[in-house]
Structure formats: structure tokens, C-alpha cells
Peer 1: 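I have a structure I would like to understand better, so I am pasting it below and will then ask my questions one at a time.
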Amino acid sequence: MFKNQILLVSSLVSLFIVSCKNNHQAYMQNPVVKGDFADPSIVKYEGKYYMYATRDPWGGEYLAVMESKDFKNWEQKEINWPTKTLCTSSTSNDSRVWAPSVIQGKNGMFYMYVSVGSEVWVGISQHPLGPWKNGKLDNTPLIRGNMIKDYHMIDAEAFIDDDGQAYLYWGSGLNWVNGHCFVVKLNEDMVSFNEEKIKDVTPPNYFEAPFMLKYNNKYYLMYSDGKCTTETYKVRYAIGDNPYGPWKEGGNSPILTTSVDKSTLGPGHHTIIKEGAQHYIVYHRITDNSKELYREIAVDSLNFNIEGNIEKVRTNSGVFF
């Protein structure tokens with residue numbers, strides 16, 4: 001009897017794998033791509049995935065960019081913008097190119113919000129691989145490093161609501177404390193906004209890396225907490241009825257933390273992608289923090305329970321994508 005049960009389970013698993021293969025799905029285990037990368041952002045365009053990421057340790061002169069047809073086999077690419085040289089202003093500091101966020105606008109154009117010199121720059125392109133250019137005609141940053149005193153003007157993430165209105169979320173803390181999250185409606189051009197309309201919408205236990213996800217008409221503001229150089233880094237989320245909150249931290253939060261065996265160490269600064277009915281969380285995790293900070297990109301399934309809360313992420317379980 002027990003032997004027959006094992007054979008039945010084995011047959012079902014085999015059938016599931018064959019079914020997935022027939023549906024052109026790929027089985028993946030982490031890391032998603034080889035290399036030292038962090039802060040992933042992903043867009044899908046004309047059947048291909050484009051991943052943008054920070055180069056470790058602590059950024060570089062330019063971004064890492066990769067292209068894939070199946071989310072499993074990635075080819076390294078290069079883009080002309082942003083660079084540290086091209087994105088430097090009178091309010092910049094020495095920080096390098098970090099934390100890209102790329103989104104396709106209603107007009108079909110692509111927009112990139114990226115941290116360079118601890119301020120946010122906006123780029124525009126007709127294609128994910130460019131050519132890119134500064135979205136502002138005067139070649140200035142979208143969010144100056146000194147725009148809001150006492151807070152770190154980094155980690156911008158764009159969100160377009162169902163009504164077509166675009167929002168930009170950003171913000172962190174200085175010296176690893178006192179992180180704050182800000183939001184503003186973007187103008188129709190996606191590269192400007194009214195500074196007087198900026199709102200502080202900081203949710204509970206927030207430090208940096210906001211990401212907005214809408215699910216069943218609720219707004220899920222996801223974000224990172226802790227210190228990105230250590231195992232304290234983690235992903236939390238809060239739920240609200242509109243893009244401004246107010247926010248109540250969700251059940252099961254934090255949903256992505258350092259695993260018991262430390263194979264997933266300090267996970268955070270994520271993005272969410274959706275294929276069919278399934279959501280996936282793509283994030284970085286630490287591979288070496290002994291001297292410098294080196295991280296890699298990982299992906300796991302993201303699921304909701306019947307109450308609408310995000311379930312704890314099962315790391316390293318492997319996913320069909």
C-alpha cells in the first residue's frame with residue numbers, strides 16, 4: 001500500500017513537470033543569474049524579459065542589464081545611460097549608480113528612475129535597451145539630494161494605477177536609521193511633478209526600497225527594513241485603501257527574512273512580476289559581507305491567503321516560471 005502511494009505521488013509529480021514543459025515553463029532554482037547584482041527591476045517587452053540591477057559592491061559607473069526569453073538563460077547587455085559621469089549635479093554626493101526602477105508608460109515609452117549620487121534621476125527610451133536619455137531637458141535630477149532635509153533621496157519606484165495615474169515612491173534614512181517613504185503624483189509626462197504635493201506616507205517598520213502592488217482593489221506597499229549589509233535586512237508590507245494609505249502592517253509581515261540555514265541571507269530590495277495568475281518576488285540576498293558587500297538575485301513565488309494577506313515566502317523551493 002505504502003509503495004503504491006509513493007508510485008502515485010511520483011507519477012503525479014512527473015505529470016506536473018511534463019505539463020509545465022509542454023506549457024513552455026522553465027524550472028528555476030536560485031540564483032536567477034550568475035554574478036554580483038542587487039536591487040533588481042524587470043520589464044517584459046515583446047516576449048523578452050529585461051532585468052536591470054545594481055553592480056556590486058555598492059554600484060558602479062553604470063548599471064547591469066540582462067535580457068532573457070525564458071527568465072532562465074540571461075545575456076548581458078549594455079545601455080548608454082545612466083552613468084555616474086552623466087548623472088552628476090551640484091547636489092550629488094559620491095555614491096554610484098544604484099537601484100533602477102523601469103516601467104512602461106501609457107504611451108508605450110519606457111521610464112527609468114535610478115539613484116545616482118544619492119538623488120533620483122529619470123531616463124526615457126523607446127526600447128528597454130535604449131538608447132536612453134535624461135528625461136529632463138536641463139539634465140538635472142528629478143529628485144535632488146537635498147530636496148527633503150534629513151532623509152536619503154534614493155530607491156524610487158514608479159506605480160501606475162488602474163485609472164492611468166502614475167505615482168512615484170521613494171526614500172530611506174541616513175546612517176541606517178529613521179527611514180521615511182514619500183510619494184507624489186507624476187505629471188502626464190512621467191518626468192515631472194509638483195513638489196508641493198509630496199506626501200510622507202511612511203508605513204510601520206519602514207526603512208527603504210518601496211514597491212507598490214495592487215491586489216483585489218487593495219494597495220500593498222511593500223518595503224525593506226533592517227540594514228542591507230547584514231542578516232537583519234528583510235521585506236515587509238502594509239495594506240491601504242488608496243495609494244497614500246493610511247497603512248496597516250499586514251498579517252505575516254515580514255514575509256521574507258534570513259533563513260535558518262543562512263542560505264538566504266539579508267533578502268530585500270525586491271520587485272514583483274506576474275505571469276498568468278502567479279506572482280513572483282525577485283530580490284537580492286547577500287553572498288559575502290566579510291569585507292565588501294556582494295549580493296545575488298533570487299526569485300520565489302509570492303502568494304496570498306484567503307484573508308488577503310501575503311504568505312511567508314518559501315525561499316529556495318524552486319519555481320516554475
Side-chain angles (χ1 to χ4, degrees), residues 39-45 49-54 63 65 79 81-82 87 97-116 119-128 130 132-136 140-144 147-148 152-172 180-195 197-203 206 208-215 219-224 235 237-238 240 242-245 247 269-274 279 281-283:
D39 314 326
S41 179
I42 298 168
V43 293
K44 187 177 183 181
Y45 180 63
Y49 302 94
Y50 297 88
M51 182 188 299
Y52 309 80
T54 301
L63 289 174
V65 181
I79 55 176
W81 187 100
C87 299
V97 182
W98 293 342
S101 167
V102 181
I103 192 170
Q104 188 172 21
K106 296 182 297 179
N107 59 2
M109 299 292 287
F110 292 88
Y111 298 88
M112 180 189 296
Y113 306 88
V114 59
S115 301
V116 189
E119 47 194 3
V120 176
W121 299 72
V122 59
I124 186 170
S125 174
Q126 294 183 345
H127 188 275
W132 287 87
K133 65 179 181 179
N134 194 322
K136 299 195 67 179
T140 59
L142 178 63
I143 300 172
R144 303 180 306 279
M147 181 173 283
I148 303 175
H152 206 178
M153 300 292 99
I154 61 170
D155 292 358
E157 186 75 36
F159 163 72
I160 301 177
D161 208 345
D162 297 334
D163 62 2
Q165 176 62 57
Y167 299 82
L168 192 69
Y169 295 82
W170 76 93
S172 182
H180 272 240
C181 182
F182 305 95
V183 65
V184 71
K185 285 185 178 181
L186 290 170
N187 293 331
E188 194 73 16
D189 62 8
M190 297 284 286
V191 300
S192 64
F193 58 81
N194 184 344
E195 288 190 29
K197 300 294 185 179
I198 296 174
K199 294 187 178 182
D200 186 332
V201 292
T202 306
Y206 173 93
E208 63 187 8
F211 185 93
M212 175 57 72
L213 174 65
K214 192 173 184 180
Y215 178 78
Y219 295 83
Y220 291 71
L221 181 57
M222 306 179 72
Y223 45 94
S224 295
V235 176
Y237 77 99
N242 65 73
Y244 297 103
W247 307 107
H269 201 129
H270 72 289
T271 188
I272 302 293
I273 56 176
K274 187 179 180 183
H279 290 88
I281 183 168
V282 187
Y283 58 95

Peer 1: The criterion is ring-ring contact (aromatic ring centres under 6.0 Å, His included); which residues satisfy it with His270, sequence neighbours excluded?
Peer 2: Phe211
Peer 1: For Lys133, does the NZ atom have more than 12 heavy-atom neighbours from other residues, nucleotides or ligands under 6.0 Å away?
Peer 2: no
Peer 1: Give me the atom names and distance for the closest heavy-atom approach of Val120 to Ser115.
Peer 2: CG2-OG, 4.4 Å
Peer 1: Run the numbers on Val184 and Lys199 for side chain to side chain contact (heavy atoms under 4.5 Å, CB included), then give the verdict.
Peer 2: CA-CA 6 Å; Val184 71; Lys199 294 187 178 182; over 6 Å; no
Peer 1: Parallel, tilted or perpendicular, judged at 30° and 60°: which one describes the rings of Tyr206 and Tyr223?
Peer 2: tilted
Peer 1: What pair of heavy atoms forms the shortest contact from Leu221 to Pro210, and how long is it?
Peer 2: CD1-CB, 4.1 Å
Peer 1: Sequence neighbours excluded, which residues qualify as side chain to side chain donor-acceptor pair (under 3.5 Å) partners of Thr202?
Peer 2: His180, Asp200
Peer 1: So, for Gly135 and Ile124, which heavy atoms are closest and what is the spacing to 0.1 Å?
Peer 2: CA-CG2, 3.9 Å
Peer 1: Is a donor on one side and an acceptor on the other found under 3.5 Å between the side chain of Thr54 and the backbone of Ala99?
Peer 2: yes
Peer 1: Provide the closest heavy-atom pair for His127 versus Tyr50 in the form atom of the first, atom of the second, distance.
Peer 2: CE1-OH, 3.7 Å
Peer 1: Tyr283: what forms a ring-ring contact (aromatic ring centres under 6.0 Å, His included) with it, not counting sequence neighbours?
Peer 2: none
Peer 1: How about Trp81 and Val114: do any of their side-chain heavy atoms sit closer than 4.5 Å?
Peer 2: yes
Peer 1: Let me see the working for Phe193 and Val183 under side chain to side chain contact (heavy atoms under 4.5 Å, CB included), right down to the final yes or no.
Peer 2: CA-CA 10 Å; Phe193 58 81; Val183 65; over 6 Å; no
Peer 1: Identify the two heavy atoms, one from Asp161 and one from Pro243, that lie closest to each other, and give their separation to 0.1 Å.
Peer 2: OD2-CG, 3.9 Å
Peer 1: With rounding to the nearest 0.5 angstrom, report the CD1 to NZ distance, Ile160 to Lys214.
Peer 2: 12.5 Å
Peer 1: Could you state the interatomic distance from OG (Ser101) to OH (Tyr52), rounded to the nearest 0.5 Å?
Peer 2: 10.5 Å
Peer 1: Could you go through Ile154 and Trp98, starting from their C-alpha distance and side-chain angles, then the distance that decides it, and tell me whether this counts as side chain to side chain contact (heavy atoms under 4.5 Å, CB included)?
Peer 2: CA-CA 8 Å; Ile154 61 170; Trp98 293 342; 4.3 Å; yes
Peer 1: Below 4.5 Å, heavy atoms only, C-beta onward: do Tyr169 and Phe182 meet side chain to side chain?
Peer 2: no
Peer 1: Can you list everything that forms a ring-ring contact (aromatic ring centres under 6.0 Å, His included) with Tyr219? Sequence neighbours excluded, please.
Peer 2: none
Peer 1: Mind checking the CE-OG spacing from Met109 to Ser125? Nearest 0.5 Å is all I need.
Peer 2: 6.5 Å
Peer 1: On the 0 to 90° scale, with breaks at 30° and 60°, tag the Tyr215-His279 ring pair as parallel, tilted or perpendicular.
Peer 2: perpendicular
Peer 1: State the CD-NZ distance between Gln104 and Lys44, to the nearest 0.5 angstrom.
Peer 2: 12.5 Å
Peer 1: Would Trp121 and Val97 count as a side chain to side chain contact (heavy atoms under 4.5 Å, CB included) here? Give the steps.
Peer 2: CA-CA 10 Å; Trp121 299 72; Val97 182; over 6 Å; no
Peer 1: What residues, two or more places apart in sequence or in another chain, satisfy side-chain contact (heavy atoms from CB on, under 4.5 Å) together with Gln165?
Peer 2: Asp163, Tyr167, Lys185
Peer 1: Should Met112 and Ile79 count as side-chain neighbours, where that means a heavy-atom distance under 4.5 Å?
Peer 2: yes
Peer 1: At their closest point, which heavy atom of Ile103 faces which heavy atom of Tyr113, and how far apart are they?
Peer 2: CG2-CE1, 4.1 Å
Peer 1: In terms of side-chain heavy atoms, does Ser172 have a donor or acceptor partner in Asp155 at a distance below 3.5 Å?
Peer 2: no
Peer 1: Hey, could you give me the CG/CG distance between Leu168 and Asn187, rounded to the nearest 0.5 Å?
Peer 2: 11.5 Å
Peer 1: Please say which of Glu119, Met153, Met147 ends up in a side chain to side chain contact (heavy atoms under 4.5 Å, CB included) with Pro141.
Peer 2: Glu119
Peer 1: Are Pro128 and Val102 packed together at the side-chain level, in the sense that at least one heavy-atom pair is separated by less than 4.5 angstrom?
Peer 2: no
Peer 1: List the residues meeting ring-ring contact (aromatic ring centres under 6.0 Å, His included) with Tyr111, not counting sequence neighbours, and say none if there are none.
Peer 2: none
Peer 1: About how many Å separate CD1 of Ile272 and CG of Leu213, when rounded to the nearest 0.5 Å?
Peer 2: 6.0 Å
Peer 1: Could you tell me whether the side chains of Ser224 and Glu208 share a donor-acceptor contact shorter than 3.5 Å?
Peer 2: no
